[in-house]
Number of protein chains: 2
Amino acid sequence: MSQPDIPPSPWGRPRKRPVPVRHPLTRDRIVDAAFTVLDREGYDGLSMRQVAAELDVAVSALYAHVSGKDELLELMYHRLFEGVELPAPDPARWQEQVKDYMRAGRARLREHRDMARISMSQVPFTAELLPHVEQLLAIIRSAGLPDRVAALAGDLLSVFMEGFTLEESIWQERYRDMDEESWNAMRSEIQEYFASLPPDRFPNLVAVAGLMADESNDYRFELGMEIIIRGLASYVGEK
Amino acid sequence: MSQPDIPPSPWGRPRKRPVPVRHPLTRDRIVDAAFTVLDREGYDGLSMRQVAAELDVAVSALYAHVSGKDELLELMYHRLFEGVELPAPDPARWQEQVKDYMRAGRARLREHRDMARISMSQVPFTAELLPHVEQLLAIIRSAGLPDRVAALAGDLLSVFMEGFTLEESIWQERYRDMDEESWNAMRSEIQEYFASLPPDRFPNLVAVAGLMADESNDYRFELGMEIIIRGLASYVGEK
DNA sequence: TCTCCTTCTGAACACTGTTCACGATAAAGT
DNA sequence: ACTTTATCGTGAACAGTGTTCAGAAGGAGA
């Protein structure tokens, strides 16, 4: 089961040695608690002290298992990728496979409040994540894209997925403590606002006002993917 | 012209004081100081106290002009858009116009350290920014894209621009305090690292290793824009 | 000169991430 | 069984954060 170790990336931050603990505090338990706090308090309320409190433990105890908050965030980010299945590349279905990869990513980001914010400040090039990068790259390269496009496509797709989900979650967070009623009021207010802009100065915004305040994020995400993939597909066969 | 300081005699009444408030605090001066601090200390070092110190003023003075740090960040974000020229849409050149818009955005983000991080957590839908959104939308709609695509295109393009620049700046920041030499060492190390991955498990990463560690960010940005625009262009005429 | 009013100050509050000398505790050695 | 030893967790402290608020300073108007 144990594969040969992937050498640690030179830019990754040095880890604390994984000391086998008999009992309680482990990195995993800390990460679990961190997610609990994140979901309850949001990103701005995610503090080492809150995590420690969640575990009924002194703050300083955390630092024996985790080098600091940065590493904790990194570990949370890694959680995102745990247990995702990586299908074998099927050149005939590369577009659908890419979309599935993106959909899965967005879904996982949405599982935890403010997760997109954490994800955005991480660079997915640590050793643990290489298999996923490799897999996406495999799917894209199997489609017959030129290497210079393939090398960028992963970034492009990830940036869209994370950025889109981040924007989604910012809106969501902004109206977090609003009841259904005032949220609907707000929505129609926004729509009215766009529609009521001076049409001579904002003709285009007014024209698409209905579409912009439309809340079908799923559709918008699908369309965004389709646009990018069409762009990628236009390079198939090029050198 | 300031006079040389005479130490106050301990028995005398406290003199009226050192910093004459020649011209008063304004939002603009505060934002200026914030940028100075940002460039010197980075995002994590951008604190209200540092900004106040930059202006030789007590922290609490800031709160008379700015509701809090959030608003300060928003004002900084608005600065980004000040003085950008908005060309009249020319349907024949829409692709180049979109690219120019993106290039300008990236350039402005790169003018200040960590600016991409600030930008990423802002949603460009405040009243001051509407003309810019309108303008980009005008260019896109002039190209003959269906409205549902046009309504998303602005988001898609912005997300790419900001996300790309953010990733750029994360790398840049990570190796901020490195001299030229150790940075080159690091670069070849990274390239070696990718090339030295077990080829049976990471055939695709190994294959494009050279391209990934390639540092021509400008080229990658151009290519990314081209991909998205090709995707958009594929919708021209569709309904 | 006296009052009003705006602008700025100083101190305080409740937090934050991180470090470190110190105890408790359980395993290992005798 | 008793002692040693090493590890894990504690509590307190440090230096910093955003924000608030009573009050002082200074100029304008009466």
Side-chain angles (χ1 to χ4, degrees), chain A residues 13-34 36-38 40-77 114 117-118 121-122 173, chain B residues 2 8 12-34 37-38 40-77 114 117-118 121-122 173:
Chain A
R13 81 185 94 257
R15 294 275 137 69
K16 295 232 150 154
R17 69 261 142 95
V19 174
V21 199
R22 346 162 217 302
H23 268 128
L25 221 43
T26 65
R27 287 157 86 98
D28 273 335
R29 283 192 56 217
I30 293 176
V31 174
D32 288 340
T36 305
V37 173
L38 181 67
R40 188 185 341 114
E41 317 275 359
Y43 181 81
D44 294 325
L46 175 59
S47 71
M48 298 301 272
R49 280 177 164 86
Q50 287 286 329
V51 173
E54 189 67 30
L55 292 162
D56 254 316
V57 136
V59 215
S60 43
L62 302 179
Y63 287 83
H65 303 261
V66 152
S67 75
K69 196 183 183 184
D70 285 352
E71 197 188 16
L72 179 52
L73 293 176
E74 192 180 310
L75 291 174
M76 296 174 78
Y77 179 62
D114 279 342
R117 268 169 83 180
I118 295 177
S121 52
Q122 302 285 333
E173 205 63 26
Chain B
S2 59
R13 296 185 69 96
R15 255 320 195 351
K16 64 181 83 162
R17 250 358 301 162
V19 190
V21 203
R22 286 207 60 71
H23 67 261
L25 226 42
T26 64
R27 285 156 88 94
D28 272 334
R29 284 190 57 217
I30 293 177
V31 174
D32 287 340
V37 174
L38 181 67
R40 188 185 342 111
E41 317 274 0
Y43 182 81
D44 294 325
L46 175 59
S47 70
M48 298 300 272
R49 280 176 164 86
Q50 286 288 326
V51 173
E54 189 67 29
L55 293 162
D56 255 317
V57 134
V59 216
S60 41
L62 302 179
Y63 287 84
H65 301 87
V66 151
S67 74
K69 196 183 183 185
D70 286 351
E71 195 187 15
L72 179 53
L73 293 177
E74 191 178 312
L75 291 174
M76 296 174 78
Y77 179 63
D114 279 341
R117 266 169 84 180
I118 294 177
S121 52
Q122 301 284 336
E173 205 62 25

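Below, chains carry the letters A, B, ... as their sequence lines are ordered, and counting in each starts from 1.
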Q: With the side chain counted from C-beta on, respond yes when B:Val66 and B:Val31 share a heavy-atom pair under 4.5 Å apart, and no when they do not.
A: no
Q: Considering only heavy atoms from C-beta outward, does the side chain of B:Asp44 approach that of B:Asp114 to under 4.5 Å?
A: no
Q: Roughly how many Å is it from CZ in B:Arg29 to C1' in C:dT7, rounded to a whole number?
A: 13 Å
Q: Please report the distance, rounded to the nearest Å, between CD in B:Glu41 and C1' in D:dA15.
A: 15 Å
Q: Report yes if the side chains of B:Leu46 and B:Leu73 come closer than 4.5 Å at any heavy-atom pair, otherwise no.
A: yes
Q: Over how many whole Å does the gap from B:Tyr63 atom OH to C:dT7 atom C1' extend?
A: 17 Å
Q: Is the distance from OP1 or OP2 of C:dT7 to the nearest side-chain N or O of B:His65 less than 4.0 Å?
A: no
Q: Go along nucleotides 10-16 of chain C 5' to 3' and tag each nucleotide: B for a protein heavy atom under 4.0 Å from its base, S when only backbone or sugar atoms are that close, - otherwise.
A: B-B---B
Q: Are A:Lys69 and A:Val51 close enough that some pair of their side-chain heavy atoms sits under 4.5 Å apart?
A: no
Q: For the pair B:Arg27 (side chain) and B:His65 (backbone), establish whether a donor and an acceptor sit closer than 3.5 Å, ignoring hydrogens and angles.
A: yes
Q: Kindly indicate whether the side chain of A:Ile118, heavy atoms from C-beta on, has any atom under 4.5 Å from the side chain of A:Leu38.
A: yes
Q: For B:Glu54, is there an ion pair with B:Arg40 - N to carboxylate O distance below 4.0 angstrom?
A: yes
Q: Atom CG of B:Leu62 and atom P of C:dT7: how far apart are they, to the nearest Å?
A: 14 Å
Q: Kindly compute the distance separating CD1 (A:Ile30) from CE (A:Met76), expressed to the nearest 0.5 Å.
A: 12.0 Å
Q: Rounded to the nearest Å, what distance is computed from the CG atom of residue A:Leu72 to the C1' atom of nucleotide C:dT18?
A: 14 Å
Q: Using rotation axes that map the C1' atoms of four end pairs onto the next four (five pairs an end), what angle separates the end axes of the helix from C:dT1-D:dA30 to C:dC22-D:dG9, to 10°?
A: 20°
